[in-house]
Colleague: 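Starting off with a structure, shown below.
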2 protein chains.
Amino acid sequence: MDNNQVQSKEQLILAAAEQEFLTKGYDGARTTSIAQAAGVTHAMLHYYFRTKEQLFERIVDEKFATMSHSMFAIMGDPSLPIVERIKGGIAAHFDFIADNPLLPRFVINEIVSRPERYEVLYKRAGIIIETIYRDLQLEIDRAAERGEIEKIDIKMLFISIMSMNIFTFLAYPFMEPLMGNLMADREQFLTARKAENIETILRRIKKQ
Amino acid sequence: MDNNQVQSKEQLILAAAEQEFLTKGYDGARTTSIAQAAGVTHAMLHYYFRTKEQLFERIVDEKFATMSHSMFAIMGDPSLPIVERIKGGIAAHFDFIADNPLLPRFVINEIVSRPERYEVLYKRAGIIIETIYRDLQLEIDRAAERGEIEKIDIKMLFISIMSMNIFTFLAYPFMEPLMGNLMADREQFLTARKAENIETILRRIKKQ
DNA sequence: CTTTGTATTAACAAAATTGTTAAACAATAG
DNA sequence: CTATTGTTTAACAATTTTGTTAATACAAAG
């Protein structure tokens with residue numbers, strides 16, 4: 001078998017499934033359409049993954065992991081001074097989402113439509129995040145006491161960063177036709193938007 | 001016929017359809033489930049609305065109108081000084097979305113899954129928005145020249161406002177379990193979040 | 001009180017979609 | 001070479017979902 005030369009059928013199906021699920025969601029996706037896009041008969045899809053549900057779970061697992069990686073990117077480089085660290089964190093998070101622009105909508109839709117399914121996963125993630133945030137909150141509090149920045153709740157700051165970074169991609173198709181020339185050149189807009197998000201957050205924590 | 005005393009069957013179906021479509025989307029919605037929720041046979045649904053598609057369009061039309069109203073709310077009260085105006089606009093927009101928390105996800109999903117359908121609608125909206133923004137941009141430019149605020153692109157500012165306000169509700173189910181006690185009390189969190197969004201935007205335009 | 005149009009139901013039909021199976025085929029280990 | 005194992009296909013089955021229809025009830029109008 002040539003697993004490396006040509007992509008295996010399994011790989012082809014997974015790639016096609018990812019595309020289909022990310023754009024159309026579970027309900028909108030069709031196993032026949034995935035099989036067709038992968039260039040295999042739809043019996044093959046069932047041979048490798050048994051059910052649509054199981055194929056979907058493979059994609060969900062990977063995408064949830066990617067999403068959590070993206071959230072850790074906001075943490076930034078701990079060796080840098082706090083303002084530089086936040087600046088870098090925002091940029092890294094923005095770039096991460098830029099590389100996975102379909103990810104947030106997929107994850108949000110999935111959480112909304114079957115919350116019970118992710119309760120366990122979520123409880124664990126919540127605890128991890130809690131401890132990590134505590135460290136960063138401490139660093140922020142110390143910087144605030146030194147008068148370098150404003151005192152602020154790190155969670156609120158994270159929500160603001162995620163809001164601005166994620167919304168950019170989430171609502172791109174919605175906003176683009178409404179914004180005239182501003183968003184006409186995607187690359188140029190994204191560059192400007194990244195800078196704007198950083199500027200907005202930095203001003204939020206700037207001592208005044 | 002008692003059109004007002006008791007809700008008409010048509011009204012019941014529309015209400016059930018709105019709930020179903022907003023939470024599950026077009027693909028996830030089931031006409032049988034809508035009929036059941038409305039307490040009518042599913043033949044009734046087809047009698048009144050012919051097809052799922054036509055029923056969906058009724059909901060979409062209304063929701064797109066609501067969404068565009070919400071966007072106009074950001075404009076704020078033109079009789080107020082610019083900073084107060086923006087402050088009020090953010091608050092009004094936030095409250096609007098708070099009253100329609102399922103709206104943004106629904107609209108975004110719809111735009112992403114069938115963009116061609118809204119091209120015409122969008123061209124028109126884009127032109128209207130363009131002219132309205134021009135006025136506000138002028139007012140901002142004048143205030144900036146007077147040294148009251150920073151010079152800023154109104155469209156960028158609007159995107160930031162929409163980002164922070166909308167993301168709050170869009171990602172609520174996703175964030176809530178990750179944020180420990182912060183989001184435990186929904187009302188309290190929304191109040192804090194509204195204030196945070198206003199603070200963030202005002203700092204963005206504050207002359208420094 | 002009969003006609004006419006609307007409302008309602010149950011049963012049915014059609015289509016789409018997921019999933020199965022049996023048989024053919026290919027690769028490979030012994 | 002052949003037995004075994006995994007791969008592939010075509011055809012089929014089951015289910016779900018949307019949509020239709022024919023029969024019936026009901027209300028209003030003449």
Side-chain angles (χ1 to χ4, degrees), chain A residues 1-61 63 106 109-110 112-114 116-117, chain B residues 1-61 63 106 109-110 112-114 116-117:
Chain A
M1 283 172 280
D2 47 348
N3 278 351
N4 22 5
Q5 286 276 52
V6 183
Q7 272 193 307
S8 74
K9 306 247 165 179
E10 196 174 346
Q11 295 292 318
L12 288 170
I13 295 169
L14 275 171
E18 177 175 327
Q19 172 67 13
E20 178 101 353
F21 283 131
L22 279 177
T23 52
K24 304 187 186 170
Y26 182 81
D27 292 317
R30 297 285 168 253
T31 55
T32 45
S33 154
I34 291 171
Q36 198 181 358
V40 304
T41 65
H42 91 276
M44 277 281 82
L45 183 147
H46 288 288
Y47 172 72
Y48 280 112
F49 300 97
R50 200 86 192 152
T51 65
K52 178 183 181 181
E53 188 70 29
Q54 276 182 50
L55 176 56
F56 183 67
E57 260 164 35
R58 283 283 291 269
I59 306 297
V60 163
D61 287 349
K63 291 305 151 192
F106 176 77
N109 279 334
E110 185 54 19
V112 170
S113 46
R114 331 192 197 188
E116 60 306 333
R117 210 165 143 173
Chain B
M1 287 170 275
D2 47 348
N3 279 350
N4 24 5
Q5 286 276 49
V6 183
Q7 272 192 306
S8 74
K9 306 247 164 178
E10 196 174 345
Q11 294 292 317
L12 288 169
I13 295 169
L14 275 172
E18 176 175 328
Q19 172 67 13
E20 178 100 354
F21 283 132
L22 280 177
T23 52
K24 304 187 184 169
Y26 181 82
D27 292 317
R30 296 288 167 251
T31 54
T32 46
S33 155
I34 292 170
Q36 198 181 358
V40 305
T41 65
H42 92 275
M44 276 281 81
L45 184 147
H46 288 288
Y47 173 71
Y48 280 112
F49 300 98
R50 199 84 189 156
T51 65
K52 178 183 180 181
E53 188 69 29
Q54 275 181 51
L55 176 56
F56 183 67
E57 260 166 35
R58 283 284 290 268
I59 307 297
V60 162
D61 286 350
K63 291 305 151 192
F106 176 76
N109 279 334
E110 185 54 20
V112 170
S113 45
R114 332 191 195 188
E116 60 303 336
R117 211 166 141 171

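Every heavy atom of this structure was used, including side-chain atoms; hydrogens, water molecules and symmetry mates were not. Proteins come first, then strands; the chains are lettered A, B, ... in the order of their sequence lines, and each starts at number 1.
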Colleague: Find the distance A:Leu12:CG to D:dT8:C1' and express it as a whole number of Å.
Modeller: 14 Å
Colleague: Between B:Ile13 (CD1) and D:dT18 (P), how many Å, whole number?
Modeller: 14 Å
Colleague: Give the nucleotide from the list C:dT6, D:dG19, C:dT9 with an atom nearest to the side chain of B:His42.
Modeller: D:dG19
Colleague: Distance check needed: C:dT20 P versus A:Phe49 CZ, whole Å only.
Modeller: 15 Å
Colleague: Choose from D:dT7, D:dT18, C:dT18 the nucleotide whose nearest atom is closest to any side-chain atom of A:Tyr47.
Modeller: D:dT7
Colleague: Measure from the side-chain heavy atoms of B:Lys52 and tell me the nearest of D:dT18, C:dA7, D:dT9.
Modeller: D:dT18
Colleague: Rounded to whole angstroms, how far apart are CG on A:Leu45 and C1' on D:dT8?
Modeller: 14 Å
Colleague: Counting side-chain heavy atoms from C-beta on, which of C:dT18, D:dT9, D:dT18 comes nearest to B:Thr32?
Modeller: D:dT18
Colleague: From the options D:dT8, C:dT9, C:dT18, select the nucleotide whose nearest atom is closest to the side chain of A:Thr31.
Modeller: C:dT18
Colleague: Of the nucleotides D:dG19, C:dA10, D:dA11, which has the atom closest to the B:Ala43 side chain?
Modeller: C:dA10
Colleague: May I have the distance from B:Glu20 (atom CD) to D:dT18 (atom C1'), rounded to whole angstrom?
Modeller: 14 Å
Colleague: Under 4.0 Å between a side-chain nitrogen and a carboxylate oxygen: does that hold for A:Lys63 and A:Glu110?
Modeller: no
Colleague: Rounded to whole Å, please give me the gap between CE in B:Met44 and C1' in D:dC26.
Modeller: 13 Å
Colleague: Using the benzene-type ring in the case of Trp, are the ring centres of A:Phe106 and A:Phe21 under 6.0 Å apart?
Modeller: no
Colleague: Kindly point out which of D:dT7, D:dT20, C:dT18 is positioned nearest to the side chain of A:Arg30?
Modeller: C:dT18
Colleague: State whether A:Tyr48 places a side-chain N or O below 4.0 Å from either non-bridging phosphate oxygen (OP1 or OP2) of D:dT8.
Modeller: yes
Colleague: Go through D:dG19, D:dT9, C:dT8 for me and flag the one nearest to the B:Lys9 side chain.
Modeller: C:dT8
Colleague: Is the charged tip of A:Lys9 near the ring of A:Tyr48: under 6.0 Å from the six-membered ring centre and within 45° of its axis?
Modeller: no
Colleague: Rounding to a whole Å, what distance do you find between A:Arg50:CZ and C:dG19:C1'?
Modeller: 9 Å
Colleague: Does the pair B:Arg50/B:Glu57 count as a salt bridge with the N-to-O cut at 4.0 Å?
Modeller: no
Colleague: How long is the line joining CD of A:Gln36 and C1' of C:dT17, in whole Å?
Modeller: 14 Å
